[in-house]
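Nothing here was measured: the structure is a model prediction, and the numbers come from that model.
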Amino acid sequence: YGFGNLTTVGATMGFFLSGFNVEASLGYGLDKKDEIYWLPNYASKAPLASADPVKYNAFNTSVKMGYGMLLGNRIRFTPQVGINYTVYMDWSSSEESDMTSVLKGCVGARFDLALAKGFCLAVSPEYNFKLSSGKPYESMAKVAETINKASKGFRMVCSLVFHFSLTNK
């Protein structure tokens, strides 16, 4: 569960190898969906299809890497860097134009607290900053507070972690 500049629920898969950490995650946005009213494109004489507002769903994908350090026998601290790619799309439309995205860099840390063998609680504060976005995203961010807020700022991810070892150590 992630909250802050973008609220999501999702799943992460990753590994530690000789202290190095790599992980990838998928998340579905839970933030309030701003209503966006689009005007017709008068240059192409395209009519306005509907006066109904469009509500965009957020889907977030991230890839992070870092290096884990044990602090005692129950806590691991892992500084991380990575990227987040968030796509906003309107499920009620099949048009590619009803979709936009933003690419963000992130810097953060992961703290794991071992609760039992193979089971721990993880907390990962991170800061996101916008790297690039498309023109539709820029237009949407001007009128939709939730979409604008998601491109930068602090975020916290809390998770339950199940882990296993491929060796007999």
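Both F3 and V9 are assigned to one and the same hydrophobic cluster, defined by single-linkage of ILVMFWY side chains at heavy-atom distances under 4.5 Å. With hydrophobic clusters built from ILVMFWY side chains whose heavy atoms lie under 4.5 angstrom apart, V157 does not share a cluster with L121. Both V102 and M140 belong to a common hydrophobic cluster when Ile, Leu, Val, Met, Phe, Trp and Tyr are linked at side-chain heavy-atom distances under 4.5 angstrom.
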- Where do F59 and T8 land on the side chain to side chain contact (heavy atoms under 4.5 Å, CB included) test, with the steps shown first? CA-CA 8 Å; F59 297 92; T8 60; over 6 Å; no
- Walk me through it: do F111 and L71 pass the test side chain to side chain contact (heavy atoms under 4.5 Å, CB included)? CA-CA 10 Å; F111 297 90; L71 305 175; 5.6 Å; no
- Item | Steps toward side chain to side chain contact (heavy atoms under 4.5 Å, CB included) verdict (R76, L70) | CA-CA 4 Å; R76 178 173 31 210; L70 293 175; 4.1 Å; yes
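Of the possible donor and acceptor atoms, one in the side chain of K104 sits under 3.5 Å from a partner among the backbone N and O of A150. Formation of a donor-acceptor pair under 3.5 Å by the T12 side chain with backbone atoms of S25 is not found in this model. Proximity of a side-chain donor or acceptor of R155 to a complementary backbone N or O of L6 within less than 3.5 Å is detected. With hydrogens and angles ignored, the 3.5 Å screen pairs no side-chain donor or acceptor of R74 with any backbone N or O of L113.
Atoms CZ and CG, from F129 and L103 in turn, are 9.5 Å apart once rounded to the nearest 0.5 Å.
Counting heavy atoms from C-beta outward, K64 and R110 have side chains that stay 4.5 Å or more apart.
Residues satisfying the side chain to side chain contact (heavy atoms under 4.5 Å, CB included) test with C120, not counting sequence neighbours, are D112, V161, H163.
Between Y67 and F20, the two ring planes are perpendicular [angle over 60°; tilted spans 30° to 60°].
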